[in-house]
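Report on one structure; see the data block that follows.
Side chains included, hydrogens not; waters and symmetry mates left out as well; all remaining heavy atoms used. Indexing begins at 1, ligand by ligand and atom by atom, following the structure's order.
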Amino acid sequence: MCGIVAYIGPRDAYPLLMKGLHRLEYRGYDSAGVCLLNDDLRVFKCKGKVSDLEDFVAGSDVSGNIGMAHTRWATHGEPNTINAHPHLSQNKTLAIIHNGIIENYTVLRSELKNRGYTFTSDTDTEVLVHLIEDIMINEHVSVEEAVRVALNEVIGAYAIVILAKDFPDKIIAARKGSPMVIGVGKDEFFIASDATPIIEYTNNVVYLNDEEIAIIERDHEIQIRTILNQKQTPYIEKLAMSLGEIEKGGFDHFMLKEIYEQPHSIYDSMRGRLHVDQGIVTLGGIRDWEQKILNAKRIIITACGTSWHAGLVGEYLIEDFARIPVEVEYSSEFRYRNPVLGEDDVVIAISQSGETADTLAAIELAKSKGATVLGICNVVGSSIARATHAGIYTHAGPEIGVASTKAFTAQVAVLTLLGLLLAQKKGTISQTEFQKILIELDRIPAKVQQILELSQKIKDIATIYKDVKNSLYLGRGYNFPVALEGALKLKEISYIHAEGYPAAEMKHGPIALIDELMPVVFIATRRGIYEKVITNIEEVKARKGRIIAIVTEGDETVKALADHWIEIPDTLEALIPLLATIPLQLLSYHIAVMLNRNVDQPRNLAKSVTVE
Ligand code: M6R
């Protein structure tokens, strides 16, 4: 996690670095730091957020047009000022910022201690900067060569930037497993964890590949070498993102803006793919792989967090429509449990950021076993998008709020299209049924818009429940993943304990928790095994639980049982997750705001989990 940004060019580096750091703050906000290079390396850092750093730096000399900055999500060493980046080498001629984890840092640390190095922090990063200094001194090599040699000794993941006091016109950057993009302007270069700090200056970018080192010098072209010293030609790409997409646009929080963007983001994820008039679905990104998927013995979906919940919806959809067996795996478990995998398997990795370390490792494992690996990613050009054989972009636009909202519904929309495409090609669905689903899918954005208009009603419910300590979210069938997602949204931004369960499983344990203080959110829409869900609601009511129900418009049965209800438009059972998720996002949002939580940057979390 952690966000890094660096600059070399004619502009004042400090304001540009701070602006970039604010944009990257979603990646971690335990501490922040900046280094400017003039005659010396001037480092300012402190515990807390980027705004704390700005207060801390106020009044200091921050001149210079080469510098780098870092916002930290702590892995090794507590989140304090000492452990904040940048870190200096022992002789104070090198400074480093790092996103990732050096796994063999204890061994390297003790070797360096034996050679006389003193450590001032508890971080793995400090090891790397001392190691580079040690190599420079002992092997009499340039800083870039020392970085290359050092990286050959390192096990783990890194995106690093190094400034050297003796080379005031040069930046060294390298990556393995953590993202890094270089913006190429006229006479200037920008380096960052993602493109958001770069977009307002240039849309020409180079994505650094794993084990590549970039040597960026004033008035020179970028040079790229691998850590095995092979020269690479930088490949300049055009960014598709716009500045407007990464600003709040009048909303109080990015999360709210992103919730409200869903009519558009769902539409965008289907645009050019859903052809109601022609009665077909097309997915250009996987066209060449369709036969492989259709012949697959099974599909394995791997993901983390909210993307895993989307994967569960995908399992229901693909099995239901296309009759291909699907398993859904947490990437963090899948990568370590020696799964039975082969050439007949198709693995689908789902990720908003495209940078989640566990999902990337699951992809590598699947590839090594001969499986075909497809990606469903939101961030164009991300590591997962590049590591997979082919894939489908969700096109939800940048998601900045740490709690995933529009990315989830876009993932579900894309999985629905995939299920439909496979079903039509496989002949597991009649054309009449297929056409009916296409027509209904086309209506989803308008129905989402209708639900957003219920925000005030949902806010009123939030007022009543904001102070609870626990809550249960229950649903069955397609609504079970929705219950999991609703619970995750509440806990991550409000810090209220919430559990999602299949409604019928409640009686195998969680029912013991129900009393008059326990709110139970039922996703009780009138499709599928609706009657069975009503029985589950009765069971909660009999034990005096408080019931908040998501119901289908016009439903009177559930309304009569519930303490509060939120009506959503009717749709086909398979499409309900695209609608039922929306009120749960709003409920969490309103509760978190009322509790004064940091909605966009909840404690201990980061948007992009690039460590395992
Ligand atoms: O970028 P990814 O979709 O791979 O991220 C996976 C999870 O880290 C992410 O969904 C996380 O659970 C969110 N905070 C949920 O809102």
Side-chain angles (χ1 to χ4, degrees), residues 1 3 26-29 73 177-179 193-194 253-256 258-259 262 265 269 301-314 328-335 347-363 374-388 391-394 396-412 414-415 473 481-482 484-495 498 500 581-582 584-589 592 597-612:
M1 342 254 257
Y26 71 87
R27 303 179 63 85
Y29 27 84
W73 186 83
S178 300
S193 300
D194 71 28
H253 298 97
F254 281 112
M255 183 184 177
L256 190 62
E258 287 154 9
I259 290 173
Q262 288 176 106
S265 52
S269 68
I301 297 180
T302 186
C304 302
T306 287
S307 297
W308 186 83
H309 296 157
L312 276 185
V313 181
V328 188
E329 301 264 3
Y330 284 115
S331 304
S332 51
E333 289 299 311
F334 185 64
R335 64 180 288 193
V347 172
I348 302 179
I350 307 179
S351 175
Q352 187 288 128
S353 62
E355 301 296 344
T356 302
D358 284 322
T359 307
L360 262 169
I363 290 167
L374 309 175
I376 296 182
C377 289
N378 195 37
V379 177
V380 176
S382 56
S383 301
I384 291 177
R386 289 183 297 140
T388 43
I392 313 167
Y393 281 118
T394 42
E399 192 181 65
I400 313 281
V402 165
S404 191
T405 52
K406 64 173 180 171
F408 174 79
T409 45
Q411 289 163 345
V412 173
V414 161
L415 286 160
Y473 282 68
V482 175
L484 293 179
E485 178 56 11
L488 177 63
K489 282 296 85 85
L490 185 70
K491 72 185 129 193
E492 72 178 329
I493 60 166
S494 72
Y495 319 148
T581 310
I582 315 291
L584 304 183
Q585 295 169 345
L586 283 167
L587 184 65
S588 308
Y589 172 79
R597 305 294 191 228
N598 189 338
V599 172
D600 284 334
Q601 295 172 345
R603 71 183 179 202
N604 303 337
L605 284 168
K607 184 71 183 160
S608 176
V609 185
T610 55
V611 294
E612 66 170 286

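- Set against the non-hydrogen atoms of Val402, the atoms of ligand 1 under 4.0 Å away are 13 (C), 14 (N), 16 (O).
- Heavy-atom distances between Leu605 and ligand 1 stay at or above 4.0 Å for every pair.
- Partner Glu399 forms a side chain to side chain donor-acceptor pair (under 3.5 Å) with one of Ser265, Ser404, Ser353 and no other, that one being Ser404.
- Residues satisfying the side-chain contact (heavy atoms from CB on, under 4.5 Å) test with Ala362, not counting sequence neighbours, are Thr302, Ser331, Phe334.
- Between the side chains of Glu355 and Ser382, no donor-acceptor pair of N or O atoms lies under 3.5 Å.
- Atom 8 (O) of ligand 1 has as its closest protein heavy atom Val609 CG2, 3.8 Å.
- By the criterion of a heavy-atom distance under 4.0 Å, neither the backbone nor the side chain of Glu355 is placed next to ligand 1.
- Taking only nitrogen or oxygen atoms, main chain and side chain alike, Lys607 does not reach within less than 3.5 Å of ligand 1.
- Of the candidates Ala303, Ser307, Ala606, Ala349, the one placing a heavy atom closest to atom 3 (O) of ligand 1 is Ser307.
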Exercise. Stepwise, does the side-chain hydrogen bond (donor to acceptor under 3.5 Å, both in side chains) test hold for Lys489 with Thr306?
Worked result: CA-CA 9 Å; Lys489 282 296 85 85; Thr306 287; 3.0 Å; yes

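- The protein atom (non-hydrogen) at minimum distance from atom 1 (O) of ligand 1 is Ser353 OG, 2.6 Å.
- Under a 4.0 Å heavy-atom criterion, Ser608 is not in contact with ligand 1.
- The closest donor-acceptor contact from the side chain of Arg597 to the backbone of Ser494 lies under 3.5 Å.
- The main-chain N or O of Val599 is never found under 3.5 Å from a side-chain atom of Tyr589 such that the two would form a donor-acceptor pair.
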For this session: Step by step, work out the side-chain hydrogen bond (donor to acceptor under 3.5 Å, both in side chains) result for Thr405 and Gln585.
Result: CA-CA 7 Å; Thr405 52; Gln585 295 169 345; 5.0 Å; no

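- Between Val412 and Thr581 there is no side-chain heavy-atom pair separated by less than 4.5 Å.
- For ligand 1, the atoms closer than 4.0 angstrom to any heavy atom of Ser404 are 15 (C), 16 (O).
- A donor-acceptor contact shorter than 3.5 Å is absent between the side chain of Lys607 and the backbone of Gln601.
- The atoms of ligand 1 that sit less than 4.0 Å from any heavy atom of Lys489 are 15 (C), 16 (O).
- Shortest contact from atom 6 (C) of ligand 1 to any protein heavy atom: Cys304 O, 3.3 Å.
- Contact atoms of ligand 1 toward Ala403: 16 (O) (distance under 4.0 Å to a heavy atom of the residue).
- Considering only non-hydrogen protein atoms, atom 9 (C) of ligand 1 sits nearest to Thr306 N, 4.0 Å.
- The protein non-hydrogen atom at the shortest distance from atom 4 (O) of ligand 1 is Thr356 OG1, 2.4 Å.
- Taking the side-chain contact (heavy atoms from CB on, under 4.5 Å) definition, one finds that Ala606 meets it with Met1, Trp73, sequence neighbours left out.
- Atoms of ligand 1 lying under 4.0 Å from any heavy atom of Glu492, numbered from 1 in the order shown and given with element: 13 (C), 14 (N), 15 (C), 16 (O).
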